Amino acid sequence: MFLALKELKHSKLRYVLVIFIMTLIVWLVLFVSGLANGLAKENASAIEQDSATHFVVQDETENRLARSAITDKQLEEVKAEYGEKATPLQVNTATIVPKNSKQKTDVTYFGIDKKQFMAPVVTEGTALKDLTGNEVVVDDKMKADNFKLGSRFTDERSGVVYTIKGFTTGQAYSHTPVVYMNGSAFDEMIPKTKHTIGKYSAIVLNITDKEAEKGNFKGLTIVTQKDIVENIPGYSAEQGSLTMMIVFLIVIATFVLAAFFYVITIQKMSQFGVLKALGATNAYLSRSLLSQILVLAIISIVISILLTLGVASILPSGMPFAMTPMMITGISAIFIVVSVLGSLLSLYRVFKVDPIEAIGGSN
């Protein structure tokens, strides 16, 4: 470590450039990862609740809520098996228009039992369980469209008017804010007719995998929360593209860092030769090189994290960006491993250096 720090201090400009390049790469990966996570939350945060472990959907619907239709009779069968651990969910994507305005907003309606576990946590206003009639709780991103407590809006298709009585946060589905309402308010928007097959999109379960295996209902399938999320239209393609981009960035970073460290090692071959001639072992030189690389990697990662958090704080509220401590820790660990992998070629050159050739070559 002593030798590594002395060299870093002696060749400041060289290693500042290395830190600059590493910082840019890590920053880019952190930023793209934040966007990927933000987009994932915009697509499925209303579904990704700890209490919603499994979903009952209609057979042969590819696990898509928009294609599933469950009847009252089927709901009763599921409730007979799971009791209060089962609650119905009605989903409908629509366009709303505020009263006294022509501005349109796309939303997703969630019709739920207001007293059961799918009810959202209200951050402002009245809880869903205390609402009556056509009163609703909406995601707070709708505030950006000038919605506030007491605002009234009209469902464009049905003409039904709803009143906002509460706000929740982080509740989105398919890149639209979620509007929570009681099942009766949902039914008023989409009244049942003689042609209606089933009014529920799914039945949400709060059960274990073992309990899910016991469920066997005709015409219905029990799937996991992950199955539902991955089959939200566009989710898998969107996340797959961003994940592939992140993987390529990490692979490119490995080769770039390997090239940087290798060139720097080649420039120091005569120094390594002198140190070996003076009795320095391969193990000592390897520890010195690895210590140097780890110091550079840690400095770059810390700067990148600070830059990412700084940029995140000034991003527009509408931009889907979300970082978590686990994500930051994971990416940081990956880049430390990548830095070590990038040094392997340099370590090989250090092992193979011959003191006599290195010293003679410098002359």
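Note that the coordinates shown come from a computational prediction; the quantities given were computed from them, not determined experimentally. Just the heavy atoms: all of them, side chains too, but no hydrogens, waters or symmetry mates, feed the values below.
A side chain to side chain contact (heavy atoms under 4.5 Å, CB included) with Val57 is found for one member of Ile203, Leu89, Ile222, Leu65 and no other, namely Leu65. Of the candidates Asn231, Leu205, Asn63, Val223 forms a side chain to side chain contact (heavy atoms under 4.5 Å, CB included) with just one, namely Asn63. Exactly one residue among Thr61, Asp227, Asp59 makes a side-chain hydrogen bond (donor to acceptor under 3.5 Å, both in side chains) with Thr221. That residue is Asp59. If you run side chain to side chain contact (heavy atoms under 4.5 Å, CB included) between Ser300 and each of Val295, Thr23, Val18, Ile305, only Thr23 comes through. Of the residues Val161, Thr163, Ile96, Val97, the one that meets the side chain to side chain contact (heavy atoms under 4.5 Å, CB included) test with Phe153 is Ile96.
Summarising the geometry of Ile232 relative to Tyr173, their closest heavy-atom pair is CD1-CE1, 3.7 Å, with the distance given to 0.1 Å. Nearest heavy-atom pair, Ile25 versus Leu249, reported as atom, atom and distance to 0.1 Å: CG2-O, 4.5 Å. Between Asn43 and His175, the shortest heavy-atom contact is ND2-NE2, 3.5 Å. The shortest non-hydrogen separation linking Gln103 to Ser101 is N-OG, 3.1 Å. Residue Ser332 comes nearest to Ile301 through the heavy atom pair OG-CG2, 3.3 Å, listed as atom of the first residue, atom of the second, then distance. Heavy atoms only, all atoms of each residue included: Val204 and Met118 are closest at CG1-SD, 3.8 Å.
Looking at Asn216 and Glu81, their side chains never bring a donor and an acceptor atom within 3.5 Å of each other. Looking only at atom types and distance, the side chain of His54 has a donor-acceptor partner in the side chain of Asp209 under 3.5 Å away. In the model, Glu230 has no side-chain atom that pairs as donor or acceptor with a side-chain atom of Tyr235 under 3.5 Å. Side chain to side chain, Glu48 and Gln225 fail the donor-acceptor criterion of an N or O pair below 3.5 Å. Counted by atom type alone, Ser68 and Gln58 present zero donor-acceptor pairs between their side chains at under 3.5 Å.
Lys85 pairs by the salt bridge (charged side-chain N to carboxylate O under 4.0 Å, His left out) definition with Glu211, not counting sequence neighbours.
Checked by atom type and distance alone, the side chain of Gln239 pairs as donor or acceptor with a backbone atom of Ala36 at under 3.5 Å. Judged purely by atom type and a 3.5 angstrom limit, Tyr162 uses its side chain to pair as donor or acceptor with the backbone of Ala185. Between the Ser158 side chain and the Val160 main chain, a donor and an acceptor come within less than 3.5 Å of each other. A distance-only check finds no donor-acceptor pair linking the side chain of Thr168 to the backbone of Asp139 [under 3.5 Å]. Between the side chain of Lys114 and the backbone N or O of Leu131, at least one donor-acceptor pair lies under 3.5 Å. With Thr53 contributing its side chain and Ile207 its backbone, the two residues share a donor-acceptor pair below 3.5 Å. Looking at Ser304, its side chain never comes within 3.5 Å of a backbone N or O of Val26 through a donor-acceptor pair.
Val311 and Leu24 fall within a single hydrophobic cluster, where Ile, Leu, Val, Met, Phe, Trp and Tyr side chains are chained together by heavy-atom contacts under 4.5 Å. Hydrophobic clustering (ILVMFWY, side-chain heavy atoms < 4.5 Å, transitive): Phe261 and Val337 are in one cluster.
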Show the atom names and distances, to 0.1 Å, of all donor-acceptor pairs under 3.5 Å that link a side chain in residues 105-112 to residues at least two apart or in another chain.
residue: Asp106; atom: OD1; partner: Thr95; partner atom: OG1; Å: 3.0
residue: Thr108; atom: OG1; partner: Thr176; partner atom: OG1; Å: 2.6
residue: Tyr109; atom: OH; partner: Asp155; partner atom: OD1; Å: 2.9

TODO: Would you check, one step at a time, whether the test side chain to side chain contact (heavy atoms under 4.5 Å, CB included) holds for Val137 with Lys165?
DONE: CA-CA 6 Å; Val137 171; Lys165 287 294 185 178; 5.7 Å; no
Open item on the list: Pair Asp140, Thr169 - check side-chain hydrogen bond (donor to acceptor under 3.5 Å, both in side chains), show working.
Closed with: CA-CA 5 Å; Asp140 58 8; Thr169 188; 3.0 Å; yes
- [ ] Output, in order, the C-alpha distance, side-chain angles, deciding distance and verdict of side-chain hydrogen bond (donor to acceptor under 3.5 Å, both in side chains) for Asn206 and Ser51.
- [x] CA-CA 5 Å; Asn206 183 12; Ser51 56; 5.5 Å; no
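One distance of note links OG1 of Thr87 with OH of Tyr200; it measures 9.5 Å at 0.5 Å rounding. Atom CD1 of Ile246 is separated from atom CG of Leu35 by 9.0 Å, given to the nearest 0.5 angstrom. Distance check, rounded to the nearest 0.5 Å: CG of Leu257 to CD1 of Ile252 gives 11.5 Å. Between Phe147 atom CZ and Arg152 atom CZ the span is 13.0 Å, to the nearest 0.5 Å.
Residue pairs meeting the ring pair (Phe, Tyr, Trp, His ring centres under 6.0 Å) criterion with at least one member in residues 67-98, sequence neighbours excluded, do not occur.
A cation-pi contact, defined as under 6.0 Å to the ring centre and within 45° of the axis, links Lys143 to Phe167.
When side chains are defined from C-beta on, Phe55 does not count as touching Thr224, because their heavy atoms never get closer than 4.5 Å. Between Val136 and Tyr180 the shortest side-chain heavy-atom distance does not fall below 4.5 Å.
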